[in-house]
Chemist: 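Encoded as structure tokens, here's the structure I'll be asking about.
Just so you know, these numbers come straight off a predicted model, no measurement behind them. So you know, we letter chains A, B, ... as the sequences are listed, proteins then strands, and number each from 1.
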Amino acid sequence: MAGVTVTAPPVVIETPPAIATPVRAGAGSKVLAWVIMLAGVLYFFAPLVATGERAFRAIGRTFSFEAFRRVITDPEFLRTFGESVINAVATIVVSLLVIVPTAYWVTLKVPKLRSIIEFITLLPFVIPAVVLVFGLIRMYSRPPLAILGSYGSTRIILICAYAALSFPYMYRSVDNGLRAINVRTLTEAAQSLGATWPTIVWRVIFPNLRVALLSGALLTFAIVIGELTVALYLGQHTFGPFMSNLVRNFVAEPAALTILSFAMTWGAMGFISYLTRRQPGKRRMRRRP
Amino acid sequence: MEGQRPPRSWNWVGILPFLLFSSAFLLGPAIILLVRSLQANEGGWTLGNYRQLIDPQVLEAYGLSVRISIVTAVVGGVFGFLLAWAIIYGGLPRVFRSLLTTFSGVASNFAGVPLAAAFIFTLGRIGMITALFGFFGIDLYDSDFSLYNFWGLTVVYMFFQFPLMVLTITPALEGLKKEWKEASENLGATSWQYWRHVALPVLMPSILGTIILLFGNAFGAHATAYALTGGTLRLATILIGAQISGDVLQNQGLGYAVAMGMVLIMGLSIGLYTILQRRAERWLA
């Protein structure tokens, strides 16, 4: 999904409705609701508690940050994590550069083509990551497109594949953002003041889409940072494969890494919902392929 | 306007960069696999690769993937629906609502290696819950259960299946109109009758659609299962992975056909989901 999980994963950014729905619940359904909620909480938190237990008790039974200390001083961690951060940032840049001008152009000039674009951006839900990487390897490993020869050029393919896998989230996010502002008026106003196209996109459209872009970017970051499948088969030494190698040793370090990953995902999602909540009247984003 | 046809528009050129990029990194790879799946290993066009999909290894992998996806989609869907119902109509404190939505956003994205790791610490051979059961004299691994088999993977997949259900079904549940509830109450319906005869029928396309979405979500998953079992549990995605690293099927063409089979199943489930979602909008728009 992950669900680029993605493994597809996948995704929704929801804000609670501004007006509370009046709720009348009978005593019976209230008890049932509590039971269901409790079961959910137990199921969701048991793995986190177990992992936390392992991570914070690296030595004996005493509480310590030893596992975290060992992880962040591990040169292999620093190298792979650093590489994944750079990959994630590059993915976000590529994805934004492809999606923003396209979504803008479609909204403004060729609304008829919207459904085609939407269809293409949703393809990652149809082509699982493992199939995509299979195809990429077949496409780029022999002439005339033998790009997968060196580590560096393979990394470019990896980043572009990640960007493609981020399309469903990025396009939806940007498209929602564009629908919330009056693109045509803004564009015409900028044109009548003598702005060129790059100026319009860079200085008028981008700033107005800040929240939408940030949401898409954070989501992409959360998906890319620990991605395993594509990186694994492209032979890239990134954070996902690094964690995967550690996981089946029942030691404290992978527990610490898991807690770190969870904290990062939580941070990204929390920040998104904070941003969205601050924008009253914005349309909700739904994962609706 | 003088009633003349406008000059041919060149506006479509603006989406060319997007089309090129998508062709290079999304459509192209898929088309290459499609073409290769239709070619015989010795050259020439054939449907033979698809005929060989009845290979026992392949059928077993598809079967396992389908079973795991159906079980996690149905159980995850039902439980996710109940959770969403509980926070919206169950009279729980409001704080649960925003907590659950944010948490679902996190959990539905928390697949892959860290998820596998978290469950190894919980339900692995010396995991916390396993130890807890052991404390009460029950050896989980004495039964059919193992974290590294069908049932284990099912439990793990639930972690991203429920939350996705909660996120997709919540807007539909919120779309139920208060008037319907009031009308049924005025007609003397009990709460159960209202849900059974009014709310659930209206929600059914959304529920079914989302369960199908969950099916696809589990069907295409690779990283979690790989990180958990190292590839010993042969799902369709794991089989494709193994085929990438070293032609385990000993038939390149069959490997491409297996990959296309996945794309077909994913495409069908997403298509069905879209149709059901449109149907749902009739009432819940």
Chemist: Taking all heavy atoms of A:Met139 and all of B:Ser23, pick out the closest pair and write down the distance.
Modeler: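 A:Met139 and B:Ser23 have their closest heavy atoms at CE-O, 4.2 Å.
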Chemist: Let me know if B:Gln252 has heavy atoms under 4.5 Å from chain A in its side chain, its backbone, both or neither.
Modeler: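 Side chain only.
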Chemist: Taking the six-membered ring for Trp, are A:Phe262 and B:Phe110 parallel (under 30°), tilted (30 to 60°) or perpendicular (over 60°)?
Modeler: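 Because their plane-to-plane angle is over 60°, the rings of A:Phe262 and B:Phe110 count as perpendicular.
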Chemist: Would you call the rings of A:Phe44 and B:Phe162 parallel, tilted or perpendicular, taking 30° and 60° as the class edges?
Modeler: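 Aromatic pair A:Phe44/B:Phe162 classed perpendicular.
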Chemist: What part of B:Ala131 is in contact with chain A, defined as an atom under 4.5 angstrom from a non-hydrogen atom: side chain, backbone, both or neither?
Modeler: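 Nothing of B:Ala131, per the 4.5 Å heavy-atom cut-off to chain A.
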Chemist: Judged by atom type as modelled, is there a donor-acceptor pair below 3.5 Å linking the side chain of A:Trp266 to the main-chain atoms of B:Thr102?
Modeler: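 No, the answer is negative, given that no donor and acceptor are paired below the 3.5 Å cut-off.
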Chemist: Is it the side chain or the backbone of B:Met158 that comes within 4.5 Å of chain A heavy atoms, both, or neither?
Modeler: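 The answer is both parts of B:Met158.
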Chemist: Counting only non-hydrogen atoms closer than 4.5 Å, does B:Leu100 touch chain A with its backbone (N, CA, C, O), its side chain (CB onward), both, or neither?
Modeler: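 The answer is the side chain of B:Leu100.
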Chemist: Return yes if some donor-acceptor pair links the side-chain N/O of A:Tyr233 with the main-chain N/O of B:Ser245 below 3.5 Å, else return no.
Modeler: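 Not at all, since once roles are kept as given, no pair shorter than 3.5 Å links the two residues.
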Chemist: Should A:Met269 and B:Phe103 count as side-chain neighbours, where that means a heavy-atom distance under 4.5 Å?
Modeler: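 In short, these two side chains do not touch, never coming nearer than 4.5 Å.
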Chemist: By a 4.5 Å heavy-atom criterion (distance strictly below it), what part of B:Phe18 contacts chain A: side chain, backbone, both, or neither?
Modeler: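 Both parts, heavy atoms under 4.5 Å.
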Chemist: If the plane angle is over 60° it's perpendicular, under 30° parallel, otherwise tilted; pick one for B:Phe96 and A:Trp34.
Modeler: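 It falls in the perpendicular class, over 60°.
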Chemist: Checking A:Ala39 against chain B: side chain, backbone, both or neither under 4.5 Å from a heavy atom?
Modeler: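 Both backbone and side chain of A:Ala39 come within 4.5 Å of chain B.
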Chemist: Taking side chain as everything from C-beta outward and backbone as N, CA, C, O, which of these in B:Val156 sits under 4.5 Å from a heavy atom of chain A? Side chain, backbone, both or neither.
Modeler: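 Backbone of B:Val156 only, per the 4.5 Å heavy-atom cut-off to chain A.
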Chemist: If I measure from the heavy atoms of chain A, does B:Leu83 come under 4.5 Å with its side chain, its backbone, both, or neither?
Modeler: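 Contact with chain A involves both backbone and side-chain atoms of B:Leu83.
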Chemist: Identify which part of B:Val258 has an atom lying under 4.5 Å from any heavy atom of chain A, answering side chain, backbone, both or neither.
Modeler: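 Contact with chain A is absent: no heavy atom of B:Val258 under 4.5 Å.
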Chemist: Side chain, backbone, both or neither: which part of B:Leu33 has an atom under 4.5 Å from a heavy atom of chain A?
Modeler: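 Side chain only.
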Chemist: Let me know if B:Leu26 has heavy atoms under 4.5 Å from chain A in its side chain, its backbone, both or neither.
Modeler: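 It is both, since atoms from each part get that close.
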Chemist: Under a 4.5 Å heavy-atom cut-off, does chain A meet the side chain of B:Leu19, its backbone, both or neither?
Modeler: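 For B:Leu19, side-chain heavy atoms alone lie under 4.5 Å from chain A.
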Chemist: Can you say whether A:Ala164 sits under 4.5 Å from chain B via the side chain, the backbone, both, or neither, judging by heavy atoms?
Modeler: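 Contact with chain B involves both backbone and side-chain atoms of A:Ala164.
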Chemist: If you take all heavy atoms of B:Met262 and A:Pro128, which pair is closest and at what distance?
Modeler: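 Scanning both residues, the minimum pair turns out to be CE-CG, 4.1 Å.
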Chemist: Using non-hydrogen atoms and a 4.5 Å limit, figure out which bit of B:Ile31 sits close to chain A: side chain, backbone, both or neither.
Modeler: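 Neither; nothing under 4.5 Å.
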Chemist: Identify which part of B:Thr237 has an atom lying under 4.5 Å from any heavy atom of chain A, answering side chain, backbone, both or neither.
Modeler: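 Contact with chain A is through both the backbone and side chain of B:Thr237.
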Chemist: Name the region of B:Arg125, side chain, backbone, both or neither, that has any atom closer than 4.5 Å to a heavy atom of chain A.
Modeler: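 For B:Arg125, no heavy atom lies under 4.5 Å from chain A.
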Chemist: Return yes if some donor-acceptor pair links the side-chain N/O of B:Tyr89 with the main-chain N/O of A:Ala33 below 3.5 Å, else return no.
Modeler: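 Pair absent, no side-chain N/O of B:Tyr89 close to backbone of A:Ala33.
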